[in-house]
Every structure is written in structure tokens, then in C-alpha cells.
Amino acid sequence: MLTAFARAFKTPDLRKKLLFTLGIIVVYRVGTHIPIPGVNYKSVQQCVDEASGNQGLFGLVNMFSGGALLQITVFALGIMPYITASIILQLLTVVIPRLEALKKEGQAGTAKITQYTRYLTVALAILQGTGLVATARSGSLFSGCTVASSIVPDRAIFTTITMVICMTAGTAVVMWLGELITDRGIGNGMSILMFISIAATFPSGLWAIKKQGTLADGWIEFGTVVLVGLVMVGLVVFVEQAQRRIPVQYAKRMIGRRAYGGTSTYIPLKVNQAGVIPVIFASSLLYIPALIVQFSNSTAGWANWVRANLANTAATPHIVLYFLLIVFFAFFYVAISFNPEEVADNMKKYGGFIPGIRAGRPTAEYLSYVLNRITWPGSLYLGLIALVPTMALVGFGANQNFPFGGTSILIIVGVGLETVKQIESQLQQRNYEGFLR
């Protein structure tokens with residue numbers, strides 16, 4: 001493997017792509033530490049230290065920004081507006097006929113949808129930036145911090161607009177950096193930046209667990225968490241690579257004097273066909289009532305119930321509802337992202353069939369049956385992985401930023417596997433040994 005790394009940097013064009021990607025990553029990480037105008041940086045640092053890793057409702061967004069959200073920097077919103085915009089456009093493609101027609105137009109239609117995604121990203125960045133500034137001004141960003149109200153000392157409208165513009169521009173720059181990596185670097189740019197953002201929070205999360213530990217000055221807890229993390233990475237890799245291969249046979253066709261077709265292939269149906277999207281959906285949906293209660297400051301009975309059962313990640317109602325939402329969204333997202341009828345029609349059009357299954361409607365029904373059967377273990381696996389941080393919080397008293405589990409481990413493993421495959425394919429063009437022997 002080390003030899004393959006050396007060979008990758010010896011190849012001129014591949015070395016250029018790798019160095020370009022590393023350069024963009026450095027620029028991105030520098031931007032996550034540049035505070036925006038109008039923020040009292042000393043107060044922010046004091047509140048971050050007092051929070052001691054407990055990020056509450058903003059934990060998910062802060063993770064995707066690489067810790068920049070709670071520091072209120074230029075890249076505070078990170079890649080989250082783009083992720084949200086991409087998910088919204090993907091869902092609207094199923095609902096709006098115009099977007100569905102654009103998707104079928106090929107590269108030109110995809111470019112148009114990408115442009116709409118950029119516009120929506122900027123709009124969401126303005127909305128989220130305004131909400132973040134309002135939250136910081138009210139002191140709700142850091143609950144319990146003694147100097148939370150002095151984070152934004154200047155309440156003038158011009159200062160507020162400047163802060164929102166800076167964060168929106170930062171989001172646009174992050175989006176541009178991701179597209180640069182996609183065009184001129186290695187891997188999917190947005191995924192790489194997401195990978196870096198999450199990986200940047202690992203050292204602080206592990207060190208916080210070590211500081212909270214009591215056995216051998218915290219080193220035993222630290223070692224246990226690292227060991228559990230390695231086991232979980234192996235489990236996630238195993239499930240993420242698992243797939244059900246449905247054989248497809250193409251009949252021979254005579255065109256003139258030549259025979260075409262007659263080949264055998266397969267349709268790979270992954271066990272976790274939905275990826276990490278159901279976890280993001282479920283987390284976002286559960287944050288809504290908690291955010292409403294936090295901003296309303298109500299003391300009514302319903303508000304107290306929401307604080308005790310939904311805002312508290314260790315509460316049983318929160319755990320059960322979170323798990324059920326993940327299972328539901330797994331089936332929902334698979335249903336809109338994989339259309340068995342469309343796949344069956346395409347197979348029939350090109351003379352393909354599944355051995356033992358008639359072409360057309362019986363093929364679509366068979367694909368739906370197989371997809372539902374493999375989605376069940378995939379959705380249950382997603383729910384259990386997502387609950388690992390909560391179980392660590394309840395069982396071991398670890399902080400809420402338990403690094404190995406939930407959304408973070410799924411994204412880290414998924415992006416890592418995809419990037420390694422791309423480097424391997426580049427190396428295999430020049431050497432059959434590839435990246436991993």
C-alpha cells in the first residue's frame with residue numbers, strides 16, 4: 001500500500017491532482033478559522049471552552065462545518081446549505097415534471113439542475129446565516145455561557161447585514177472550492193470537504209473523552225473508544241460494500257450480418273441503498289420542535305415535554321422516534337431514488353431479462369420485492385449506527401460529540417471508499433496492481 005502511495009505521487013498527472021486537492025483542503029481549513037466582522041472573538045472562545053464539547057441542537061451543523069459554526073467564522077455554515085439544497089432538488093425532481101424532464105435530458109439537463117442547486121444554496125445560506133446571527137445575538141447559541149449575550153456586541157442593522165453577507169459569501173466560496181476539486185482534483189469535491197470537516201472534529205472529540213475519563217487518567221476510556229471505533233469502521237465498510245447482484249441476460253440481436261448482445265451482467269442493489277440521507281432527514285426533523293421551544297422560551301406544558309423528551313437526546317421518546325424516522329426515511333428515499341418500473345422498461349427496450357422472470361411488469365414487481373427485502377436490514381443497520389453516540393452518552397457518560405458513530409462514521413467511510421476507488425482506477429490505467437493488492 002505504501003508503494004502504491006509512492007507510485008501515485010510519481011505519476012505526474014495524478015500527483016498534480018492530489019496536490020491540487022490538498023491545496024484546496026488547506027484553503028478550506030484556513031477559512032474555518034477566520035472570524036467574521038462584528039463578532040467578539042474572545043467571548044466566542046470562552047463560550048466554546050465552557051461548552052466543553054456539548055453542542056446541543058447545533059451539533060449536526062457544527063460537525064458539517066468542521067467546528068466553524070460555533071466559532072462564527074467565514075465558513076460557519078460550511079457545506080450544509082449545499083447538502084440541503086441538493087436533497088431538496090432531488091426530492092422535487094420526483095414531484096415537478098419540469099425537473100424530471102431536465103433530468104432525462106442528459107448532461108445539459110443535469111447542468112441546469114446543478115445551476116438551480118447553486119441558486120437554492122445561496123438562498124438557504126442567507127436564511128441560515130440570518131438565523132445564526134439572530135441566535136448569537138440573543139445568547140441562545142451557547143446555553144449556559146456567562147458571556148453569551150456579548151458575542152455580537154454591535155446590534156446595528158448594518159453590522160447584521162454585513163455578517164450575513166460574509167457567511168453567505170463563505171458558503172458560495174465553499175461550493176466553488178468543492179466544484180474545483182471535482183473538476184481538477186481527485187474524488188467528489190463536496191464529499192471531500194464534508195470528509196475533512198468531520199475528520200477535523202475527531203481529535204477534539206477524542207481528547208474530550210480522555211479528559212472526562214477516570215481510569216488511568218482517562219487513557220483506558222480513550223483506548224476503548226478508539227478500539228470500538230475501529231470495529232465500527234470495519235462493520236460499516238462490510239455493510240456499505242454489501243450488495244445483492246441480480247443477474248441480467250441480454251438476448252442476441254442480428255443487425256445486418258453482425259450479432260449483438262448475448263452478454264450477461266447484473267444489477268447491483270446495495271444493502272444500504274439510501275446512504276446517509278435518512279439519518280440527516282431524521283436529525284433535521286427532530287431539531288425543528290426543539291428549535292421552536294428554544295426560541296419561544298415558553299414555559300407551557302407542551303414546551304417542557306419537548307425539552308424533556310425531544311430536545312434531550314438521551315430520553316427514550318427521542319431515541320425511539322429517531323430510530324423509527326430513520327427506518328421510514330430509508331424506505332422513502334429508496335422508493336424515490338430507484339424506480340423498478342423504469343429499470344424494467346429499459347431492460348425490455350434493449351432486450352434484457354432476468355432469468356426465470358418475464359420482461360415488463362413481472363420484472364418490476366420482482367425488483368420491488370428484492371429491494372424491499374434488502375432495505376429492511378439496511379434501514380435497521382442505519383438506525384443502530386446512528387444511535388451509537390446516544391448509547392455512549394447514556395451508558396458510558398461520554399459527551400454528545402462521540403466521534404465514532406452516526407452520521408460522521410457513515411460519511412467518513414463512504415467518502416474514503418469512493419476516493420480510494422478513484423485513485424485505484426487512475427493507477428490501474430498504468431499498473432495492473434492498482435492501489436490495494
Side-chain angles (χ1 to χ4, degrees), residues 24 27-51 55-85 88 115-180 190 193 197 200 284 287-288 290-298:
I24 295 294
V27 172
Y28 175 66
R29 288 306 300 161
V30 169
T32 58
H33 292 88
I34 300 176
I36 61 175
V39 174
N40 187 335
Y41 190 65
K42 290 184 178 179
S43 298
V44 171
Q45 289 301 113
Q46 182 177 340
C47 286
V48 169
D49 294 337
E50 289 183 11
Q55 298 162 359
L57 298 174
F58 304 97
L60 181 68
V61 184
N62 189 62
M63 180 186 69
F64 279 114
S65 67
L69 175 75
L70 295 184
Q71 308 237 359
I72 319 180
T73 63
V74 175
F75 291 166
L77 300 179
I79 204 72
M80 198 63 179
Y82 184 85
I83 296 173
T84 308
I88 291 174
Q115 196 69 16
Y116 292 155
T117 305
R118 292 170 184 161
Y119 295 147
L120 184 58
T121 299
V122 173
L124 289 174
I126 295 173
L127 183 64
Q128 293 180 11
T130 305
L132 178 59
V133 172
T135 306
R137 285 174 56 177
S138 65
S140 302
L141 188 61
F142 295 96
S143 56
C145 179
T146 54
V147 293
S149 58
S150 63
I151 289 177
V152 184
D154 189 357
R155 306 299 177 93
I157 185 67
F158 178 78
T159 304
T160 303
I161 293 175
T162 303
M163 294 172 69
V164 173
I165 290 175
C166 285
M167 283 189 284
T168 305
T171 300
V173 170
V174 169
M175 184 169 54
W176 176 62
L177 292 177
E179 292 181 355
L180 281 179
M190 300 302 175
L193 294 183
S197 298
S284 303
Y287 282 155
I288 293 175
L291 282 172
I292 293 174
V293 169
Q294 183 171 354
F295 290 135
S296 65
N297 292 324
S298 175

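Hydrogens, waters and symmetry mates are skipped; everything else that's a heavy atom, side chains included, is used.
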Distance check, rounded to the nearest 0.5 Å: Ile24 atom CD1 versus Leu193 atom CG? 8.5 Å
On a heavy-atom basis, the closest approach of Val30 and Ile34 is O-CG1, 3.4 Å
When you compare the side chain of Ile151 with that of Asn40, does any pair of heavy atoms fall below 4.5 Å? no
Could you go through Arg137 and Thr160, starting from their C-alpha distance and side-chain angles, then the distance that decides it, and tell me whether this counts as side chain to side chain contact (heavy atoms under 4.5 Å, CB included)? CA-CA 10 Å; Arg137 285 174 56 177; Thr160 303; 2.8 Å; yes
In terms of heavy-atom contacts, Thr159 and Gly38 come closest through CG2-CA, 4.0 Å
Arg29 to His33 - nearest heavy-atom pair and separation: O-ND1, 2.9 Å
Heavy-atom donor-acceptor pair, Thr73 side chain to Pro35 backbone, under 3.5 Å: no
What pairs of donor and acceptor atoms, side-chain ones from residues 161-179 against any protein atom, are under 3.5 angstrom apart with sequence neighbours left out?
{"from": "Thr162", "atom 1": "OG1", "to": "Phe158", "atom 2": "O", "distance (Å)": "2.8"}
{"from": "Thr168", "atom 1": "OG1", "to": "Val164", "atom 2": "O", "distance (Å)": "2.8"}
{"from": "Thr171", "atom 1": "OG1", "to": "Met167", "atom 2": "O", "distance (Å)": "3.1"}
{"from": "Glu179", "atom 1": "OE1", "to": "Arg118", "atom 2": "NH2", "distance (Å)": "3.1"}
{"from": "Glu179", "atom 1": "OE2", "to": "Arg118", "atom 2": "NE", "distance (Å)": "2.8"}
{"from": "Glu179", "atom 1": "OE2", "to": "Arg118", "atom 2": "NH2", "distance (Å)": "3.2"}

Gap separating the CD1 atom of Ile88 from the CD1 atom of Ile83, nearest 0.5 angstrom: 12.0 Å
Heavy-atom pair of closest approach, residues Ala76 and Leu132: CB-CD2, 4.1 Å
Approximate separation, where rounding is to 0.5 Å, of Tyr82 OH and Leu124 CG: 12.5 Å
Hey, could you give me the CG/OG1 distance between Leu127 and Thr84, rounded to the nearest 0.5 Å? 10.5 Å
Looking only at heavy atoms, the pair that brings Phe75 and Tyr28 closest together is CD1-O, 3.4 Å
